[in-house]
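Below is one structure; the comments refer to it alone.
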Amino acid sequence: MKKPKYIFVVGGVMSGVGKGITTASIAKILEGRGFRVSPIKIDPYLNVDAGTMNPTEHGEVFVLDSGLECDQDMGNYERFLGRSLPTENYMTNGMVFKHVIDKERALGYKGKCVEPVYHITEEIVRRIDASVKKTKPNISIIEIGGTVGEYQNAIFIEAARMLELKNPGDVLFVMVSYLPIPGKIGEMKTKPTQTAIRTLNSYGVHPDIIIARSDVPLDEKRKEKIADSNGVPKDRVISAPDIDSIYDVPVNFEKDGLGNLVLKLFDLKPKQKDLIDWRRMLRKLHGAKKEVRIAVVGKYFKTGDFILSDVYISVLESLKHAAYSLNRRPVIDWIDAETYEKNPKKLKELEQYHGILVPGGFGGRGVEGIISVINYARKNKIPYFGLCYGMQLMVVEYARNACRLRDAHTAEVKPKTKHVVIDILPEQKDLLRKNDMGGTMRLGGYPAKLKKGTVAEGAYKATTIRERHRHRYEVNPEYIVLLEDKGLVFSGVSPNKKLMEIAELPKKEHPFFLGVQFHPEFRTSPTEPHPLFCEFVNACAKRENRSKTGQPRAGKK
Ligand code: GLN
């Protein structure tokens with residue numbers, strides 16, 4: 001295999017300015033030129049994976065096909081590139097340290113003094129090599145989480161520097177920085193970026209390219225200032241202003257010639273033209289005028305006074321992908337399920353939506369509110385899509401109200417109830433007893449068989465599918481016959497027929513009432529929207545807007 005090139009993406013000034021989207025976009029641009037690019041995410045925290053973190057702490061937990069629970073940026077990479085990435089493309093400080101410490105305890109270092117530099121850095125480079133071996137890229141692009149100057153990512157920057165020493169000419173550093181325009185001053189300031197560059201210099205690393213994030217495009221003067229302070233030509237400062245859609249970012253970078261610049265610095269020649277499919281998708285995205293209004297009902301939406309739609313970023317993006325492909329502009333409201341527990345009369349507000357989606361979740365808070373929403377959607381024939389917990393609670397609702405098992409519930413909330421229609425997986429019982437919670441759910445891709453003539457089969461146009469999971473509970477097999485007798489169809493089941501993967505009502509009963517035990521939102525891209533999301537949004541688009549007010553309720557779009 002030919003030696004790959006490496007691009008390290010680091011952050012300057014502050015976090016949250018779009019390193020992940022930048023990394024995904026650079027990868028996309030280079031793939032558009034015919035190179036195979038493999039993105040790696042490094043998270044500097046000590047958690048071994050993202051699975052045990054509360055989503056309000058860290059945003060969505062993304063799940064790879066392998067079952068690894070990781071950072072939402074891996075979702076961005078997969079969505080931009082339209083393919084699955086392996087476990088090898090993700091690491092945390094926790095993973096790296098755990099490996100080195102376990103190896104030391106097993107005498108793997110043969111009596112040596114084990115130190116952060118060299119042994120931790122060596123392990124980081126070994127992991128990058130393992131990803132290269134697995135994915136065989138022309139270019140490996142590695143995003144180092146956090147901001148330069150933080151203690152916890154310094155070790156990764158040191159590993160990157162070592163990798164550059166061993167591969168001179170094959171490594172580029174890209175710094176994603178931020179240029180504030182303080183309200184009172186009204187002028188775009190370059191100083192924080194200059195300081196961030198100097199901090200990176202103090203690690204022995206010089207940024208080759210600066211991605212300058214700001215509210216508005218950079219003028220020539222700011223570009224010159226940054227270029228001068230960094231000692232690089234002006235064309236290495238790329239303007240990255242705020243834009244409407246993250247999917248515009250690759251095309252926007254190209255306006256400043258980022259693709260050609262990277263190829264020139266690596267001395268590579270483009271192998272093919274451009275992002276043809278991507279540009280076609282963008283035309284649709286920007287052309288969509290007619291609204292489709294969807295309510296996402298769940299929890300984890302708030303932190304202090306702020307709404308956290310990041311917690312369900314894959315759900316949001318999946319809805320967008322499907323809507324754009326159907327020439328619709330998605331308007332999405334986040335509704336806290338507890339609203340309906342406190343005030344059931346508010347359920348009527350749901351009339352104004354074209355569809356309702358309940359995403360995954362854990363624990364008892366807001367559950368009765370969600371169940372009443374599902375009941376409302378079923379009775380009033382509002383398209384309903386339930387993901388994981390949203391499917392389990394759909395089964396609870398059906399058992400209570402259609403099968404007349406009034407005390408039906410999930411063991412997660414009420415384990416001692418008479419009718420436990422959603423129960424714990426047998427192999428999970430032991431783990432819970434041992435308090436072994438990290439990375440131990442049913443995780444990752446599993447196959448399912450679809451029943452002919454069902455909504456699911458019609459959407460997928462396939463009889464076998466593979467989807468990603470993240471849950472401990474399942475439909476209790478003891479209730480399947482009763483639920484089916486009363487009209488619920490299990491249209492997707494595991495190959496051994498034991499696990500119910502999709503539940504639905506037939507089309508003649510309801511325009512769309514379907515829940516999935518898995519997470520389809522982890523397998524979609526803007527150029528290839530997920531078939532179930534398309535089927536759902538299509539049903540939403542068909543629903544006549546019966547809103548009395550004509551206006552969607554206020555909330556974050
Ligand atoms: N809490 C449920 C379970 O563990 C659903 C999980 C989810 O929605 N991801 O089975």
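Heavy atoms only: backbone and side chains are in, while hydrogens, waters and symmetry mates are out. Along the sequence shown, residues carry numbers from 1. When a ligand or atom number is given, it counts from 1 through the structure's own listing order.
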### Summary
Ordered by chain then number, the protein residues lying under 4.0 Å from ligand 1 by heavy atom are G360, G361, F362, C388, Y389, Q392, E412, R470, H471, R472, Y473, H519

### Summary
Residues passing the salt bridge (Lys or Arg N to Asp or Glu O under 4.0 Å) test with E412, sequence neighbours excluded, are none

### Query
What residues, two or more places apart in sequence or in another chain, satisfy side chain to side chain contact (heavy atoms under 4.5 Å, CB included) together with E535?
V455, A459, K507, F512

### Query
For V249, which residues count as a side chain to side chain contact (heavy atoms under 4.5 Å, CB included) partner, sequence neighbours excluded?
I21, S25, I243, F253

#### Entry: Carboxylate-amine/guanidinium contact D71 K41, below 4.0 Å
yes

### Task
Would you please say whether a donor-acceptor pair under 3.5 Å links the side chains of N89 and S38?
yes

### Any donor-acceptor N or O pair under 3.5 Å, side chains E501, Y446
no

